[in-house]
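Report on one structure; see the data block that follows.
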There are 2 protein chains.
Amino acid sequence: MPASTRQIIERCRMFSRLAPDQLDRLVGMAQRREFERRRLIFRQDAPCPGLFVLGDGRVRIYNLAPSGKEHVLRLVGPGGTFAEVAAIGGFACPASAEAMQPTTCALLPADPFKQALTDDHELCLGLLVGMAMWVRHFVVLLEDIVLRDAISRVAHYLLDTAGDQADEVVLPAMKRHLASHLNLTSETLSRTLRRLDETGLIEQADGRHIHITDIESLRQVADGMFPEI
Amino acid sequence: MPASTRQIIERCRMFSRLAPDQLDRLVGMAQRREFERRRLIFRQDAPCPGLFVLGDGRVRIYNLAPSGKEHVLRLVGPGGTFAEVAAIGGFACPASAEAMQPTTCALLPADPFKQALTDDHELCLGLLVGMAMWVRHFVVLLEDIVLRDAISRVAHYLLDTAGDQADEVVLPAMKRHLASHLNLTSETLSRTLRRLDETGLIEQADGRHIHITDIESLRQVADGMFPEI
DNA sequence: CGAATACTTGAAATTATTCAAGGGCCGTGG
DNA sequence: CCACGGCCCTTGAATAATTTCAAGTATTCG
């Protein structure tokens with residue numbers, strides 16, 4: 001059963017602190033948008049249509065270099081948002097977005113949304129805090145790419161994606177997109193996972209599932225100490 | 001003549017849209033902080049003391065990997081702010097900060113500043129927009145590092161730093177810090193600048209000053225087309 | 001002026017990429 | 001139900017970009 005536009009907005013983490021009538025206002029301006037698998041949602045440098053709230057499906061935010069190389073900036077899942085920054089700042093989309101699966105979104109158009117921000121202090125405050133969290137996540141990604149080598153990056157990603165308790169990782173995208181996100185080629189990611197598997201730190205069940213078998217050692221690898229065997 | 005704490009806050013780009021009484025409130029909570037050259041302002045993972053507004057001097061925001069490698073995340077000049085994100089989000093400093101020159105700041109302590117954000121809608125809105133700009137700049141940096149090779153990165157940095165009209169670049173930090181910012185070693189930066197100089201796209205006057213002699217070609221280099229000579 | 005630090009340059013080493021080819025999974029259609 | 005074609009993933013070998021190491025020169029600060 002597909003989520004209603006209201007449900008999409010209510011379930012969004014960015015809006016979890018809002019009061020009912022504030023939510024109402026957002027629901028009032030929201031436009032429902034559906035995308036089939038592989039459909040382009042918006043293109044880099046196009047005017048930003050507004051803030052997208054993701055209900056079902058998955059979206060890949062990516063950038064293309066003139067050379068043709070692609071970088072996956074974010075992988076957004078249900079409850080997440082995208083194009084927030086461009087919608088708020090009023091500039092063009094800094095990246096492209098594509099639906100990786102059949103996807104349902106609520107679109108909060110840029111102008112009414114900015115008006116709501118101007119009128120509604122709570123909304124503004126909530127978004128500010130939400131954005132701060134987002135920036136931190138982003139800084140971590142940058143530092144990962146710059147300060148860690150391939151194997152540390154992959155180890156850190158697995159630990160981060162598994163969450164605090166779990167030792168089971170479900171990869172949220174094709175490996176070549178994950179690789180691009182971590183600034184690796186898919187070949188390097190493949191080789192790196194094999195090394196981690198061969199040294200007994202993880203087990204690659206099927207293509208999408210990875211089991212962490214030695215979390216302590218994996219943490220050491222993430223911190224730059226690969227145990228020489 | 002050193003700027004007063006009030007002047008520091010009035011001249012800050014982030015607060016340029018604020019009305020006088022809103023500025024007053026910030027000035028009221030501000031603490032003046034001075035740092036000598038090379039002095040650590042705060043350390044990565046320490047509790048965030050608040051939002052720093054930079055009056056005079058220069059500050060380097062950087063991160064250290066366990067391996068010892070350093071990455072310069074930002075170079076902040078007069079009128080800029082730092083530690084905004086941690087102050088707003090209420091988490092620990094994601095990086096360290098060091099004064100590169102004798103530096104004067106106004107510190108807006110985290111708790112009163114957050115209170116001001118809660119009370120003052122204009123302030124909140126201004127900061128939200130300011131932060132959106134900052135995120136965009138940051139995304140550009142990440143895409144630079146990931147999608148461009150060394151020579152394109154340097155060319156792009158020079159064009160960006162020169163501004164729209166000017167063809168004169170004044171480097172805001174030691175070359176090894178610039179190199180780290182662009183995720184290069186200082187050796188690679190040195191070699192890259194020499195290549196650009198030898199091909200006649202730039203002229204290295206003295207250590208700190210670079211003159212752009214062929215802006216069109218430099219743009220092409222930034223877009224990944226290095227003219228094979 | 002002198003010591004410390006920053007910058008440049010060349011040669012060697014290394015990591016990750018590129019190129020090339022084979023294997024595996026999945027959905028479609030017979 | 002099985003065969004076919006397409007795409008994704010894996011693996012190995014060769015390549016290339018950047019780093020590291022080492023040494024010398026220039027600059028800056030006290």
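Since the model is a prediction, treat every value here as computed from it, not as a measurement.
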Lys/Arg cation over aromatic [Y]: [X], 6.0 Å, 45° cone:
X      : Y     : answer
A:R74  : A:F82 : no
A:R60  : A:Y62 : yes
B:R136 : A:F91 : yes

Taking only N and O in the side chain of [X], is any of them less than 4.0 Å away from OP1 or OP2 of [N]?
X      : N      : answer
B:R191 : C:dT9  : no
B:R38  : C:dT5  : no
A:R148 : C:dT15 : no
A:S190 : D:dC9  : no
A:T185 : C:dA16 : no
B:T188 : D:dT19 : yes

* Could you walk me through whether B:C12 and B:T81 pass side-chain contact (heavy atoms from CB on, under 4.5 Å), step by step? => CA-CA 8 Å; B:C12 172; B:T81 57; 3.5 Å; yes
To the nearest Å, give me how far apart [atom1] ([X]) and [atom2] ([N]) are.
X      : N      : atom1 : atom2 : answer
A:L178 : D:dT10 : CG    : C1'   : 16 Å
A:R176 : D:dG6  : CZ    : C1'   : 13 Å
B:Q204 : D:dT27 : CD    : P     : 12 Å
B:R194 : D:dA26 : CZ    : C1'   : 15 Å
A:I151 : C:dT14 : CD1   : P     : 17 Å
A:D149 : C:dA13 : CG    : P     : 21 Å
A:L182 : C:dT17 : CG    : P     : 11 Å
A:R195 : D:dT11 : CZ    : P     : 14 Å

Let's see if you can work this out: which of [options] has an atom nearest to the side-chain heavy atoms of [X]?
X      : options               : value
A:R153 : D:dT10, C:dT9, C:dA16 : C:dA16
B:K175 : C:dT8, D:dT20, C:dT18 : C:dT8
B:E187 : C:dC7, D:dT18, D:dC21 : D:dC21
B:M174 : C:dA6, D:dT10, D:dC9  : C:dA6

* Report, as yes or no, whether the 6.0 Å neighbourhood of atom CG on A:D164 holds more than 12 heavy atoms from other residues, nucleotides or ligands. =>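 No, the 6.0 Å shell around CG holds no more than 12 heavy atoms from other groups.
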* **A:R43, CZ atom: more than 12 neighbouring heavy atoms under 6.0 Å** =>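 Not buried by this count: 12 neighbours or fewer within 6.0 Å.
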* Name the residue closer to the 5' end of DNA chain D, choosing between B:R37 and B:K69 according to the nucleotide with the nearest heavy atom. =>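 Nearest-nucleotide comparison on DNA chain D picks B:K69.
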* Would you indicate what A:L184 reaches in the nucleic acid, counting non-hydrogen atoms under 4.0 angstrom: base, sugar-phosphate, or nothing? =>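 Counting heavy atoms under 4.0 Å across all strands, the contact made by A:L184 is with sugar-phosphate only.
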* Under 4.0 Å between any heavy atoms, over every strand shown, what does B:D206 touch: base, sugar-phosphate, or nothing? Just pick one. =>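 If one applies the 4.0 Å heavy-atom cut-off, B:D206 turns out to touch nothing in the nucleic acid.
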